[in-house]
Q: 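For reference, the structure I am asking about is given below.
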Amino acid sequence: MLRTLEAERARGRELFASAGSLEELEAANIAVLGRKSPLGEVQRALGALEEGQRRELGRAVNEARTELADAFEARRDALSVDVESALLAADAVDMTLPGRRRPDGSLHPLTVVEDEIVGLFLRLGYRVAEGPEIEDDWHNFQALNIPEDHPARTMKDSLYVSIPGHPELLLRTETSAVQIRTMLSQPPPVYIVAPGRVYRRETPDPTHLAVFHQVEALVVDEGITFADLKGTLEAMAKGLFGEDRRIRFTPSYFPFVEPGAQIGVTCFRCGGVGCPTCRSGWIELLGAGMVHPKVLENCGYDSERYTGFAFGLGIERVAILKYEIPDIRLLIEGDVRFLERFRAA
Amino acid sequence: MRVPLTWLREFAPTDLGAEQLAEILTPRGVLIETIERPWEGLVGVIVVRVLEVRDHPNSDKLCVARIQHGSGDSELVVGVRNMGPGDLVPWAPPGARVPVLSEPLATRRVRGVDSNGMLCSSRELAISQDHGGILILNGAGLAVGDDLKQGLGLDEAVFDIEVEPNRPDFLSVYGVAREAAAATGVKLAPIDTSVEEVPDSVADAVTVRIDDLEACPRYVARAVRGVTHRPSPLGVQARLTASGVRPIDAVVDATNYTMLETGQPLHAFDLRRLAGPGIVVRRASDGERLTTLDDVERTLTSNDLLICDIEKPVALAGVMGGQTSEVSEETTDVLLESAYFARSGVLLTARRLDLHTEASHRFERGTDPEACPGAAARCAASMARWAGGEVMRGVAEDGRAPERTWVALRPARATALLGYPVPAEAAAAVFDSLGMASRQDGDRLEVEIPGFRTDIEREVDLIEEVVRIQGYDNVGSTMPRSPHPGAVPDPYAFARRVKGALARAGLREIRPVPFDAASDLALFGDTDAIPVTNPLRAEEGFLRTRLTPGLLHAVALNQSRGVETVRIFEVGTTFRLAAPFVEIRKAGFALCGGDGEGWWSERRALDVLDAKGVVESLLDDLGVIDWSLGEAPDGPFHPGRSARIVIDGSHAGVLGEIHPRVAEALDITGRVSVGVVGLRALQGGARGPAASTDVPRFPPVHRDLAFIVEDATPAGSLHEALRRAGGALLASSALFDVYVGDPLPSGTKSLAFSLDLRAPDRTLTDEEAQEIVDRIVDELARHFGAKLRAG
């Protein structure tokens, strides 16, 4: 019987090892460890033996059983892993297929840029102000120190609207009219930014639109200086275009400021040394200046006590520079292939 | 304004080159846009003498010229023969360059004759527009072999300056020279106004009377007798051409040259054609007529100012001369006008007549009333020198220059505004450099404003001069401190939120121009659009009343470029007449094309229910709870695929597919759906984020129910009834399938709902669930004849 036992251990190990599937292994299990297996028969025969022999042989049977059961489990675990691997292999996908996406939306670059500019000034404690796009002559011109007989003011440059009984109405040419509306509605101090659409009577070309957008900023307070304007514009240029941006003030004329300046920033491409884009190293970005005392007086402010600065920045201008947009008219066309370059925010 | 540098250096004798000078002037507000060199392309042209002109052997028109050029003779073929033996002419030998040709000259055979280079006309040399023949150089002080460019002083650089309306003094060479002298520290040379006169006094021969001293404070006249019609010297012509003014003849050139130099517009009358002779400056009477130099008869108003002789109007003051008194080839005696007109009058006349001239451009910005006599003398002297003739003694005049004003500058105020210290002495030095006298008076600096600085009216204008001349680089850099945190008004913030919601719904934002054509208005039959009075294009004749046309045009544009699927939105302003007008903000979107999901799904055309999905996303995103769809709206919509959007019981917008006929007319292929909703209504309906509620802990009992109903039964109504019948324990329900076809009877459809039944405090038993289901089935059977579908 000991010999049978030895033979069974060898056979069982062999059978388990050679089982190629869980089914074969189960069959082998019955054949090796089942009640009707030779091992089972040996076990049943134990009862007929005398105690000494039985105990000895019983231990040998148990050892064999334990060993074979371990072998069975080891093989079963191994086979299970194989099965799972096969299942997963069958479940593979072509990872080079495009992912399933929902259609993307996006904000227009003008919105993105406006957000950036407005956000910058919100953090500096400015309030957003808005005004109507149809303005009257007084707010759009006269209050801004542009009287009727000013050479800068001709029918040619402005778009008028035909509203019976209201010949004074036109499409605002600058967001500066919002300065006036704000100052008339509140006492100083004033810290505002006014984003909005403005209109000129021009034929659009690759660098000009007749209808475009500005962000106007106005600060009126006690003790505001030209240096405050410069510092604020430097902060804006760095915020919009990067820390290494420098700005330059060139004297310029706008009727509603004095002194007035044209502001250039160092070129984005060449950093200010001069390249085909900028030629001089500088890109003219916006007009600015100290609020003309006449404008303050027109709004009932004490121009001796209060001073201020204002500037107007073209949003399209910033967008075409920032995103290197080759033709400004792309901004108004609505071609989705252009819009796809921009992301939702 | 174009300023030739040799001219500028006559008054500001700086040694600096053009580029260096520009770098100094631009930061001072003399905005030099470009530096041009009109004769850069003129190389190697020399002065030669014509020896012989003979017929070309093989051509009737051409001739052959033999010339002497200092180092021998040459022959060449010429197309004109206005030159004769002995004449000095410009010759471009082989290898030379002329401005009008891109290639250098060469030797070539012209009809069998060797031709060496070319003889040049004035136009070919860019001296004038004259192309009538070869330029004859006799009497120009040139000798055979001279380099023409050197000899005529054509080695010239020209500043093209952008002149802003407040600095009309920069509309003259002398004005720019004044600034250049101040900037470089050279001494500004005065304009030579000396003039040789004959004893006869012009004041005895001509009368001048101003009837309206407000519109014309000063009128100075000079007379030049015995002029002849001839071209002005070549150097003068070249300067005029370089300045962008066309040379005409010596008389006219003298007036233009003096205007460019001094900024004072001058007008030349034919003295013999002036009745009197006398000048009267008066306002026109309403309806009075005058034919101006450009051959147009102008009808005038009492706001226009006229220059008249003692019988009739002869010029529109400050704008343009009249035809009857114009100088011509026959003119021998000239009356020169050098006047000062009030800005406003000239501007309004020029604007009303849309008649803009070099003179009106200067007068409407402001000329120097003190400059009139000097400019008249300068012009008369030049005219007599260039056109022959003699200058009569003195002037005939009326009126005078206004007294100079004094404006006070407080150095303390300048310091406060500029943010850096401005001592009185430093300010005084600035004004001195600009030719403005000043004197200290206590804590003020009183500054005398000369006639050429029309822009300086008050203290702040002086402060600007200080910082402009000291340099904007002197200004420091500080940041003001706002006393309050930043803030955004609700409508602005809400519009931005709506944009975000629509972008999240998979749409791309567009920003079209807010104009409509009449045909756009016709889409909806809008009659309260606001017309644009002076549009540049007919398509922009009105301010838009709605967002829809712009969205549809964008769809059409994309389709025309082969882009099929378009999902776009706009949040923007619309306009309507409303005593006087209203501006209304709306959000709108358009969908067109395939749903474009990709390889995993069937392609399907986007339709109105996709648009409805966008509306649902938007309203969900904004927290709008109380909304519904109402009846089909008016307008260009598909009657069976459109609805009004109702928020809080009020009309808030529209949703629908565009009528196929309308889409076709707009060049749109396939279904196109739009949704538009007013922002005010949206904002009113937005409840904001719902308060957080506890999440249910007990699992729901799930049931799927399919009902067979008649085709016409609206799914929404059935669903509504199902919800009501389900009661409080119906936690959620969703329509998950709509089916039509076999084995259903025709005229019916199946609507399948998935239900979750749940009590907040326990797990429902099957019996409880069945009770609810039974109630739903009974209710739907009773109201809709709905049959529960097996399975």
Side-chain angles (χ1 to χ4, degrees), chain A residues 98 100 102-108 110-111 122-128 130 132-134 149 151-152 154-155 159-163 166 169 189 191 201 203 211 219 221 224-228 230-232 234-235 249-251 253 258-259 261 290 293 307 331-337 339 344, chain B residues 26-29 164-166 344 347-348 351 364-365 417-419 460-461 464 467-468 472 475-480 482-489 492 499 503-513 530-534 536 554 557-558 563 566-568 573 577 580-581 583 596 598 600:
Chain A
R100 297 187 185 100
R102 295 182 38 190
D104 291 318
S106 54
L107 294 174
H108 194 277
L110 292 182
T111 300
L122 284 176
R123 288 190 290 281
L124 293 174
Y126 290 57
R127 292 175 174 158
V128 172
E130 293 190 280
E133 294 180 31
I134 298 176
D149 63 356
T154 65
M155 183 82 175
L159 284 169
Y160 285 80
V161 290
S162 302
I163 296 180
H166 292 276
L169 294 177
Y191 291 76
R201 192 165 186 268
T203 303
V211 179
V219 168
D221 205 344
I224 298 295
T225 70
F226 205 31
D228 287 329
K230 209 169 178 181
T232 302
E234 273 167 6
F249 275 48
T250 310
Y253 170 70
E258 186 84 323
M290 301 304 290
T307 52
L331 292 168
I332 56 174
E333 275 184 342
D335 188 317
V336 296
R337 293 164 303 176
L339 303 172
Chain B
T26 297
R28 296 167 64 107
E164 296 183 292
N166 66 325
S344 180
L347 179 133
L348 294 176
R351 191 186 284 173
E364 66 188 33
R365 281 161 177 74
L417 194 69
L418 298 177
V460 70
D461 303 320
E464 190 203 27
V467 67
R468 186 174 70 81
Y472 279 26
V475 178
S477 176
T478 52
M479 287 279 271
S482 164
H484 51 63
V488 178
Y492 182 83
K499 286 182 182 188
R504 283 190 291 280
L507 301 159
R508 301 193 180 276
E509 188 188 6
I510 62 167
R511 297 284 282 265
V513 293
I530 299 171
V532 177
T533 313
N534 54 340
L536 277 175
L557 174 116
N558 277 283
V563 179
V566 183
R567 304 164 185 261
I568 50 176
T573 308
L577 287 168
F581 67 90
E583 297 185 5
W600 63 90

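Residue numbers begin at 1 in each chain, while the letters A, B, ... track the order of the sequences. Note that the coordinates shown come from a computational prediction; the quantities given were computed from them, not determined experimentally.
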Q: Give, as side chain, backbone, both or neither, the part of B:Pro512 having an atom under 4.5 angstrom from any heavy atom of chain A.
A: both
Q: Is it the backbone or the side chain of B:Pro165 that comes under 4.5 Å from a heavy atom of chain A, or both, or neither?
A: both
Q: Report the option among A:His166, A:Glu133, A:Arg102 that has the most heavy-atom pairs separated by less than 4.5 Å from atoms of chain B.
A: A:Glu133
Q: Look at A:Asp335, A:Leu169, A:Leu122, A:Leu124 and state which one has the largest set of heavy-atom pairs under 4.5 Å with chain B.
A: A:Asp335
Q: Which one, B:Arg508, B:Glu464, B:Glu164, leads in non-hydrogen pairs under 4.5 Å with chain A?
A: B:Arg508
Q: Holding to ring pair (Phe, Tyr, Trp, His ring centres under 6.0 Å), I want the full list of residues that pass it with A:Phe226, two or more places apart in sequence or in another chain.
A: A:Phe249, B:Tyr472
Q: Let me know if A:Glu258 has heavy atoms under 4.5 Å from chain B in its side chain, its backbone, both or neither.
A: both
Q: Picking from A:Thr232, A:Val211, A:Ile163, which has the most non-hydrogen pairs under 4.5 angstrom with chain B?
A: A:Ile163
Q: Please classify the contact of B:Asn558 with chain A as side chain, backbone, both or neither, using a heavy-atom distance under 4.5 Å.
A: side chain
Q: Let me know if B:Leu417 has heavy atoms under 4.5 Å from chain A in its side chain, its backbone, both or neither.
A: both
Q: Please determine, among A:Gly231, A:Gly334, A:Ala235, A:Ala227, the option with the most heavy-atom pairs under 4.5 Å with chain B.
A: A:Ala227
Q: Looking only at heavy atoms and a cut-off of under 4.5 Å, which of A:Thr307, A:Thr203, A:Leu110, A:Val219 has the most pairs with chain B?
A: A:Leu110
Q: For A:Pro189 versus B:Pro483, what's the shortest heavy-atom pair and its separation?
A: CG-CG, 3.6 Å
Q: Mind ranking B:Thr478, B:Val475, B:Ile510 by heavy-atom pairs under 4.5 Å with chain A and telling me who comes out on top?
A: B:Thr478
Q: With sequence neighbours excluded, what pairs up with B:Ser477 under the side-chain contact (heavy atoms from CB on, under 4.5 Å) test?
A: A:Glu234
Q: Hydrogens and angles aside, do A:Thr111 and B:Arg511 bring a side-chain donor and acceptor to less than 3.5 Å of each other?
A: yes
